[in-house]
Amino acid sequence: MARILAERLDIDFPLYHVGARSLKKRLLAGAGMRLRTDETNRVVVAALRDLSFRIDGGERVALIGPNGAGKTTLLRTLAGLYTPVQGRLVVEGEIGSLIDPSAGIDPNSTGRENIRLRCLLRGINESAARDMTEEIGAFSGLGQFLDVPIRAYSAGMAVRLSFAIATMIAPQIPLMDEWLSAGDAEFQLRVQERLLRLVTGADILVIATHNLEIARAWCTRAIRLEGGRIVADGPAEAVVAAAEAAAIA
Amino acid sequence: MLTQPRVEPRFDYDAAAPRRLARAAADLATGLRRWRLAAALAWLDIRNRYRGSVLGPFWLTLSTAILLGGLGVLYSALFHETLRSYLPFLAVSIITWNLISQVVTDATTTLILAEGMIRQLPLPYATHALRSVFRNVIVAAHNLPLIALVLAFSGVWPGPGALLAVPGFALLCINAFAASLLLGMLCARFRDLPQIVASVMQLAFFMTPILWKPEALGPRAVWLLLDPFYVIMQVVRGPLLGAGAPAPIWLAAGAYTAALAALSFGFFARFRSRIAFWV
């Protein structure tokens with residue numbers, strides 16, 4: 001069974017290419033902010049602070065919180081893209097990042113070439129890639145457009161393709177940034193059906209969302225982040241209700 | 001039907017015990033094992049660069065040919081040599097130098113240009129460096145017919161000794177990979193470096209025997225061993241021209257390669273975890 005364990009996790013973003021001097025002056029004015037200078041006098045953004053949690057197999061977790069709370073950063077950290085400066089992270093199980101479904105799509109290549117490229121990016125072998133191409137072609141309903149460069153696609157077609165490619169494999173631990181939606185009404189049905197399969201088939205789901213209804217409908221647990229820290233962690237219903245109350249107050 | 005037990009990948013990172021060397025080695029191993037990915041990305045780069053162009057990368061062949069024609073006539077006259085004796089040297093020199101110089105120039109942007117991928121897809125960093133090396137080797141390969149043509153024109157037949165250019169080229173590629181990784185990282189962190197690298201390369205072009213022959217220095221030619229560009233170039237150029245490369249050159253080439261690889265790996269191991277924040 002999959003499992004995620006975080007112990008006192010810190011992520012800092014150093015700001016290298018900004019005028020550190022002027023920033024520093026402002027920093028002195030407001031203490032307790034998330035911008036600070038570290039021991040070598042660099043300006044850093046404290047993106048995540050002191051996160052400790054444990055997610056077991058079978059849990060579906062919503063990350064909620066205002067913009068800049070650290071939701072996407074946490075997702076990227078779980079995906080292994082950012083290395084923590086402090087703390088420990090253990091991920092058991094295979095992560096599938098759906099953070100940006102269009103990542104790695106080359107607009108100059110055809111749909112077919114893009115599918116092959118994505119298979120290479122994911123380390124999938126040739127024969128599996130061929131099956132995948134068939135499957136994606138059928139699912140996205142692109143037909144002969146599969147042999148046309150993406151740049152000639154309509155926006156809707158491009159979204160269909162990237163969704164189909166991103167969800168071609170059901171990972172053990174899908175990470176999502178907002179609930180995916182794509183295409184016209186007819187395609188939307190297929191999208192929902194596939195997402196349902198993806199979510200129910202997964203060991204753990206972690207989704208960052210601003211849509212509290214999504215959190216309520218799909219998740220068993222919610223973690224509310226604010227200013228890079230966990231402010232609430234518990235059953236989805238309770239945490240979402242508290243977040244709503246806080247938003248109104 | 002049997003359901004196979006799924007292999008559970010396990011990712012364990014503890015900032016108190018980062019195990020940097022092991023992670024860097026694993027990154028390199030994965031990147032090299034998945035060379036097909038780097039090759040596919042390199043092809044994509046070339047295709048996109050020459051999209052819609054009729055000659056495509058053969059424009060480079062053409063421009064190199066024109067350059068060789070012009071420089072060959074002028075410099076053979078300046079050096080009081082016949083075109084037939086000067087041109088093979090010039091052709092191999094220019095084509096090798098173009099590869100080296102382009103690899104170094106591209107190395108400065110290996111990671112900066114891959115920012116989108118680095119922030120979205122968990123890939124080994126070695127893939128980006130390998131992509132840059134592949135791209136430049138493929139481009140340089142378009143010039144190979146020129147070398148054959150020039151050698152035929154001059155009646156130079158390097159003989160079986162030309163095969164030594166293969167290990168020489170392998171050394172060049174190792175250096176190219178190490179440089180792509182090292183400069184890729186340094187330039188992502190310090191954005192002034194690409195400009196410095198560009199001026200160093202310009203200086204190196206004139207200081208290195210590319211247009212002029214090393215023999216022209218007489219007994220002082222021994223100092224050329226201190227020029228890594230010359231040494232790495234010579235292990236490819238010497239065998240191709242039939243002259244081979246003397247033992248000190250091979251030794252120096254091995255030493256420079258080992259030093260650059262060690263430096264690059266050391267830096268990579270130490271700062272790998274910071275790259276995502278630098279780009």
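Per chain, numbering begins at 1; letters A, B, ... match sequence-line order. Computed from a predicted structure; not experimentally measured. The figures here come from the full heavy-atom set of this structure, side chains too, leaving out hydrogens, waters and symmetry mates.
Of the atoms belonging to I11(A), it is side-chain heavy atoms, and not backbone ones, that fall under 4.5 Å from chain B. Using a 4.5 Å cut-off between heavy atoms, E113(A) touches chain B through its side chain atoms alone. Only the side chain of R274(B) has a heavy atom closer than 4.5 Å to any heavy atom of chain A. Residue L121(B) touches chain A through both its backbone and its side chain, counting heavy-atom pairs closer than 4.5 Å.
Salt-bridge annotation for R119(B) and D100(A): absent, with no side-chain N of the basic residue lying under 4.0 Å from a carboxylate O of the acidic one.
Dense packing is recorded around CD of E135(A), with more than 12 heavy atoms of other residues, nucleotides or ligands lying under 6.0 Å away. Other residues, nucleotides and ligands place more than 12 heavy atoms under 6.0 Å from the CZ atom of R76(A). Within 6.0 Å of atom CZ in F145(A), 12 or fewer heavy atoms from other residues, nucleotides or ligands are found, so the atom counts as exposed in its surroundings.
Counting heavy atoms from C-beta outward, L117(A) and L41(B) have side chains that approach closer than 4.5 Å. S109(A) is listed as a side-chain neighbour of L44(B), based on a closest heavy-atom distance under 4.5 Å. Using a 4.5 Å heavy-atom threshold, the side chains of V90(A) and F11(B) count as separate. Taking the side chain as every heavy atom from C-beta outward, Q120(B) and I99(A) approach each other to under 4.5 Å.
Among residues 78-86 of chain A, the residues having any heavy atom closer than 4.5 Å to a heavy atom of chain B are, in sequence order, A79(A), L81(A), Y82(A), T83(A), P84(A), V85(A), Q86(A). Heavy-atom proximity under 4.5 angstrom to chain B picks out nothing from residues 151-166 of chain A. At a heavy-atom separation below 4.5 angstrom, chain B is approached by L120(A), L121(A), R122(A), G123(A) within residues 118-131 of chain A.
In this structure a side-chain-to-backbone donor-acceptor pair under 3.5 Å is present from R51(B) to N108(A).
Here the CG-CD distance, from D12(B) to E92(A), works out to 8.5 Å after rounding to the nearest 0.5 Å.
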Solution key, residues 261-269 of chain B side-chain donor-acceptor pairs under 3.5 Å, sequence neighbours excluded:
| from | atom 1 | to | atom 2 | distance (Å) |
| --- | --- | --- | --- | --- |
| S264(B) | OG | A178(B) | O | 2.9 |

